[in-house]
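Everything numeric in this text was worked out from a predicted model, so none of it was measured. Hydrogens, waters and symmetry mates play no part in the numbers below; they use all other heavy atoms, side chains included.
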Amino acid sequence: MAAKVLTPGLTGKYTSEAFIGTSITGDDTIDASRCKSLAIQISSSGSPAGNIDLTHTFNGTDYAALSANIALTDGTIVLLDITDGPFGILRIDGTDVTAGSVVMTIVGIGAYH
């Protein structure tokens, strides 16, 4: 598990590994605690099936859904604003991706100082 820090702005975007229907949770954890809101975009190919979840934790052990059942349609965008936060450590749960190839990009918007 590699820890990443999500710096707000397009230059700090995080792009996941490809989830290909092998029922895995992403290798990386993403520290989004500096972000006021998040933008998530899905890139997919190969007739994707299922859905994908973005989870978060504040204690580093117990993860809960932040945005569940995100559609795998190429170009899907999910916006999480300040009322959905605060955001802690994020992890991508790809265990429901059953076909195709899916990549999630996460961009932090607005910084806490």
Side-chain angles (χ1 to χ4, degrees):
M1 181 183 315
K4 310 287 184 186
V5 175
L6 188 61
T7 304
L10 289 174
T11 58
K13 71 181 176 183
Y14 169 81
T15 302
S16 75
E17 71 267 36
F19 294 91
I20 55 171
T22 55
S23 299
I24 64 166
T25 297
D27 290 332
D28 293 332
T29 57
I30 306 107
D31 179 353
S33 62
R34 295 180 176 103
C35 303
K36 289 185 179 179
S37 55
L38 299 173
I40 301 159
Q41 187 159 27
I42 299 296
S43 297
S44 61
S45 62
S47 300
N51 55 62
I52 197 164
D53 302 328
L54 184 63
T55 63
H56 66 153
T57 184
F58 292 97
N59 66 11
T61 303
D62 303 307
Y63 284 83
L66 175 60
S67 186
N69 300 321
I70 299 170
L72 302 182
T73 306
D74 189 52
T76 295
I77 294 176
V78 175
L79 302 174
L80 301 173
D81 65 24
I82 195 168
T83 62
D84 296 310
F87 307 106
I89 304 297
L90 308 177
R91 187 172 68 180
I92 301 169
D93 180 349
T95 58
D96 292 336
V97 176
T98 58
S101 177
V102 179
V103 173
M104 182 184 286
T105 300
I106 304 169
V107 176
I109 303 168
Y112 286 108
H113 299 284

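Shortest non-hydrogen contact noted between T73 and T76 is O-OG1, 2.7 Å. When all heavy atoms are compared, the tightest approach of P8 to R34 is CG-O, 3.7 Å. Shortest non-hydrogen contact noted between V78 and I70 is CG2-CG2, 3.9 Å. Here the closest heavy-atom approach between residue L6 and residue C35 is recorded as O-SG, 3.6 Å.
Under the side chain to side chain contact (heavy atoms under 4.5 Å, CB included) criterion, A99 pairs with A49, sequence neighbours left out. With sequence neighbours excluded, the residues satisfying side chain to side chain donor-acceptor pair (under 3.5 Å) with N59 are T57, D62. Taking S47 as the reference, nothing meets the side chain to side chain contact (heavy atoms under 4.5 Å, CB included) condition, with sequence neighbours excluded. Applying the side chain to side chain contact (heavy atoms under 4.5 Å, CB included) test to N51 and every residue at least two apart in sequence or in another chain returns D53, N69, D96. Taking the side chain to side chain contact (heavy atoms under 4.5 Å, CB included) definition, one finds that A64 meets it with nothing, sequence neighbours left out. Every residue meeting the side chain to side chain donor-acceptor pair (under 3.5 Å) condition with T83, not counting sequence neighbours, appears here in chain and number order: D81. Legend: residues meeting side chain to side chain donor-acceptor pair (under 3.5 Å) with S33, ordered by chain and number and at least two apart, are D31.
In this structure, S67 contributes its side chain and L54 its backbone to no donor-acceptor pair below 3.5 Å. A donor-acceptor contact shorter than 3.5 Å links the side chain of T55 to the backbone of R91. Looking only at distances, a side-chain donor or acceptor of S16 sits under 3.5 Å from a matching main-chain atom of M104.
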### Task
List the steps and the verdict of side chain to side chain contact (heavy atoms under 4.5 Å, CB included) for S43 and D74.
CA-CA 5 Å; S43 297; D74 189 52; 3.9 Å; yes
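Every pair passing ring-ring contact (aromatic ring centres under 6.0 Å, His included) that includes a residue from residues 32-58 is listed here, sequence neighbours excluded: H56-F58. Residues in residues 67-108 take part in no ring-ring contact (aromatic ring centres under 6.0 Å, His included) pair, two or more places apart or across chains.
Just one of T105, V107, I106 meets the side chain to side chain contact (heavy atoms under 4.5 Å, CB included) condition when paired with T15; it is T105.
The hydrophobic cluster containing I77 also includes L79, under a criterion of side-chain heavy atoms closer than 4.5 Å among ILVMFWY residues, counted directly or through chains of members.
Following chains of ILVMFWY side-chain contacts shorter than 4.5 Å, one cannot reach L38 starting from V103, and the two form parts of different hydrophobic clusters. L90 and V5 fall into different hydrophobic clusters, where Ile, Leu, Val, Met, Phe, Trp and Tyr side chains are chained together by heavy-atom contacts under 4.5 Å.
In this structure, CD1 in I92 is found 11.5 Å from CG in L66, a value given to the nearest 0.5 Å. For the atom pair NZ of K13 and CD1 of I30, the computed distance is 14.5 Å after rounding to the nearest 0.5 Å. Note that CG of L80 and CD1 of I40 are 4.5 Å apart. Values are rounded to the nearest 0.5 Å.
In this structure, T25 and T95 have side chains that are in contact, with non-hydrogen atoms separated by less than 4.5 Å. Counting heavy atoms from C-beta outward, Y14 and D28 have side chains that approach closer than 4.5 Å.
Judged by distance alone, the side chains of D93 and Y63 never bring a donor and an acceptor atom under 3.5 Å apart.
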